[in-house]
Amino acid sequence: DGRDVRFELARDITERRKADELLKHSLEETARGQQTLLALSQATQNVQRAKTPEEIYRTIGEGIASLGLDVTVFTLSNDLSHLIPVHMTYDPEDLQAAGEITGFTPQEHPLPVVPGGLVEQVIAARKAVFSPEPDEYMAQVLPDSLDPSLKQLTASMGVKRVIHAPLVVGNAIHGLLVVTGSDLAEADAEAMNVFARHTAIALENAQLFQADQTWTAELEQREAERTGEISSANIELESALAERRQVEEAVRRSRAETLRSHRLLLALSQTAEQVQRARSPEEVYQTIGDEVARLGYRVVFMSLTDGQTHLFSSYLTLQLTTPQAAEQLSTGLPAQGFQIPFVEDDPFHRIITENESAFFEQTAEHLTKGFRSLPRESLEQMLAVLGSDRSIYAPLSVNNRPHGLLAVTGSDLTEADLPTVTLFANRAAIAIENARLVEQLTTSRQQLQQLARQVVSAQEDERQRLSRTLHDEAG
């Protein structure tokens, strides 16, 4: 009756308000994360243009300061036992106050790496770590004698939340970026991790450039000193030139890889911004698929079923002839919309449940378990058709709730692209969730309109019934 419809209408209005608040909060977090990502992308470009380590340190400080944060750049001693501060953005007055409190000036002294402490964990894991407790962070990097002064020290320096991001090139670690600020969140750790990796490459390039300059100067000096010894000088010159060519080739390869990684980062950052305006998950998939294809890569979205018992392919980017070629294989598996069991001993399950991306040099070797229903020969044929000789798989999750995974494949992908694809997958998962909420909100509004029409109809029926009753009683 009319009262039930009104009760249902009130409940739907409450649910709609909750959905609006959830969407608003999600959009605000997305905007802040996008602002941080774009600022770090700009800072990365500035760092790549710097010529010396000192100029790079200064550029890092300016980029981080533009976000309202502070940063300390540390290098590591050769035995990884001490952190050596080389640049700080803290206010000099705050540093002076900290020195007066503790009698210790961190900018002038190496800091020991505490065994089993936070810094050692970052060094071992080779990835950024977020710490919301400044006292715990300071306790693990400062000498034990300063423990009674920790709270006073963190207050005087304005240390509130901390992200440690390692400066890593390949498997070698050269130092740390320690970023502090009140607005830091755990979601910022991955962006800082990507920024730190690009910074480490820029520092290595600058050091290689300086080494090349030094070697060139030494070479010229040798030539001047040994002009009378033509034959021996020629031998040494050939050796020196060969070494120099090796250094120059290493610099060229490093710069080419940096440029490719940087283009990938910028393109995926712009794509992440585009999909925030999508109105449905399908629009998110299509936008990402088109943009990734322009970069020369392929993308596959795998989604979990409601019961989390299977993974199904919700979107694939393939060339026009590829699905036809795939269907020619005797696999019994369609090119799109297929599903596979979500079981504990396959690589997909580990990637999603442990929320950790993976790079595969030889994809077929690792995915045989995931496609256990296919003969290995058929699997390798399908992977050859799809061109997935190298791939990166990143989990799709929002607020620690798994939704599936994103796979990006391409012949020139490297393990150094893991942080970039992981960060992009995080943004894509948020965009898909936002689009799903928008769809729910649209459906809720349509249902609300239908209920409103039912209420009006019920009121009109009730009015007519009362009118007839009164008319009958009056007669």
Side-chain angles (χ1 to χ4, degrees), residues 20 22-48 63-64 66-69 128 163 183-198 258-301 314-315 317 357 392 394-399 403-408 410 413 417-439 441-442:
D20 285 340
L22 180 61
L23 180 59
K24 178 182 176 183
H25 177 73
S26 179
L27 291 174
E28 288 174 350
E29 284 297 310
T30 300
R32 190 191 72 80
Q34 191 63 35
Q35 181 182 5
T36 300
L37 181 62
L38 291 177
L40 290 179
S41 295
Q42 183 62 50
T44 298
Q45 294 181 53
N46 295 336
V47 165
Q48 298 299 333
I64 297 298
S66 70
L67 293 170
L69 307 171
I163 290 178
D183 292 332
L184 284 174
E186 188 168 5
D188 297 324
E190 192 58 47
M192 291 297 178
N193 198 44
V194 174
F195 176 64
R197 285 181 177 268
H198 286 286
T258 299
L259 182 60
R260 187 197 66 80
S261 297
H262 184 58
R263 279 201 297 262
L264 178 63
L265 174 63
L266 286 180
L268 292 185
S269 298
Q270 292 168 357
T271 303
E273 183 178 4
Q274 281 182 269
V275 298
Q276 302 308 319
R277 297 187 290 271
R279 310 297 294 178
S280 68
E282 290 72 21
E283 185 178 348
V284 175
Y285 298 147
Q286 188 65 50
T287 301
I288 292 175
D290 291 346
E291 294 302 321
V292 171
R294 288 191 183 95
L295 295 172
Y297 302 111
R298 298 177 180 86
V299 66
V300 179
F301 282 94
S314 47
Y315 183 84
T317 55
S357 303
I392 292 177
L396 295 171
S397 65
V398 178
N399 296 328
H403 293 279
L405 59 82
L406 166 70
V408 179
L413 285 174
D417 296 319
L418 263 175
T420 298
V421 175
T422 299
L423 180 62
F424 177 66
N426 292 339
R427 304 301 180 196
I430 293 173
I432 294 169
E433 179 68 9
N434 287 346
R436 186 185 64 79
L437 290 173
V438 168
E439 276 193 333
L441 185 60
T442 301

Do Glu186 and Ile163 come within less than 4.5 Å of each other through their side chains, counting heavy atoms only?
no

Other residues, nucleotides and ligands only: do more than 12 of their heavy atoms fall within 6.0 Å of CD on Glu282?
yes

Give the C-alpha distance, both sets of side-chain angles, the deciding distance and a yes or no for side-chain contact (heavy atoms from CB on, under 4.5 Å) between Tyr315 and Gln286.
CA-CA 8 Å; Tyr315 183 84; Gln286 188 65 50; 3.5 Å; yes

Shortest non-hydrogen contact from Ala435 toward Ala278
CB-O, 4.1 Å

Classify the ring geometry of Phe301 against Tyr285: parallel below 30°, tilted from 30° to 60°, perpendicular beyond 60°.
tilted

For Val292 and Arg298: C-alpha separation, side-chain torsions, deciding distance, then whether side-chain contact (heavy atoms from CB on, under 4.5 Å) applies.
CA-CA 6 Å; Val292 171; Arg298 298 177 180 86; over 6 Å; no

When rounded to the nearest 0.5 angstrom, what distance separates NE2 in His403 from CD1 in Ile430?
10.0 Å

Do the non-hydrogen side-chain atoms of Gln45 and Gln42 ever get within less than 4.5 Å of each other?
yes

Between Ala189 and Ala128, which heavy-atom pair has the shortest distance, and what is it?
O-CB, 3.4 Å

Would you give the length of the straight line joining atom CG of Leu423 to atom CE of Met192, rounded to the nearest 0.5 angstrom?
11.5 Å

For Leu265 and His198, which heavy atoms make the closest approach, and how far apart are they?
CD2-NE2, 3.9 Å

Distance check, rounded to the nearest 0.5 Å: Thr420 atom OG1 versus Arg197 atom CZ?
9.0 Å

Nearest-0.5 Å distance, OG of residue Ser269 to CD of residue Gln274
11.5 Å

On a heavy-atom basis, which atom in Leu406 and which in Leu396 lie closest, and how many Å separate them?
N-CG, 3.9 Å

Are Asp417 and Ser261 packed together at the side-chain level, in the sense that at least one heavy-atom pair is separated by less than 4.5 angstrom?
yes

Going by the rule side chain to side chain contact (heavy atoms under 4.5 Å, CB included), which residues pair with Ser397 if we only count those two or more places apart in sequence or in a different chain?
Asn355

Looking at CZ of Arg427 and CD of Glu273, how far apart are the two atoms once the value is rounded to the nearest 0.5 Å?
11.5 Å

Under a 4.5 Å cut-off applied to non-hydrogen side-chain atoms, are Phe424 and Leu264 in contact?
no

In the structure I gave you, are the side-chain heavy atoms of Leu38 and Gln270 within less than 4.5 Å of one another anywhere?
no

Charged N to carboxylate O under 4.0 angstrom, Arg294 versus Glu291?
yes

Please assess Arg436 against Glu439 for the test salt bridge (Lys or Arg N to Asp or Glu O under 4.0 Å), listing each intermediate value before the final yes or no.
CA-CA 5 Å; Arg436 186 185 64 79; Glu439 276 193 333; over 6 Å; no

Is there side-chain contact between Ile64 and Leu40, with heavy atoms separated by less than 4.5 Å?
yes

To the nearest 0.5 Å, what is the distance between CG (Leu266) and CG (Leu295)?
10.5 Å

Identify the two heavy atoms, one from Gly410 and one from Tyr297, that lie closest to each other, and give their separation to 0.1 Å.
CA-CD2, 3.7 Å

Leu418 and Ser357: which non-hydrogen atoms are nearest, and at how many Å?
CD2-CB, 3.6 Å

Any donor-acceptor N/O pair, Asp290 side chain to Thr287 backbone, under 3.5 Å:
no

Do the non-hydrogen side-chain atoms of His262 and Thr44 ever get within less than 4.5 Å of each other?
yes

Just wondering, do Thr36 and Leu67 contact through their side chains at under 4.5 Å, heavy atoms?
yes

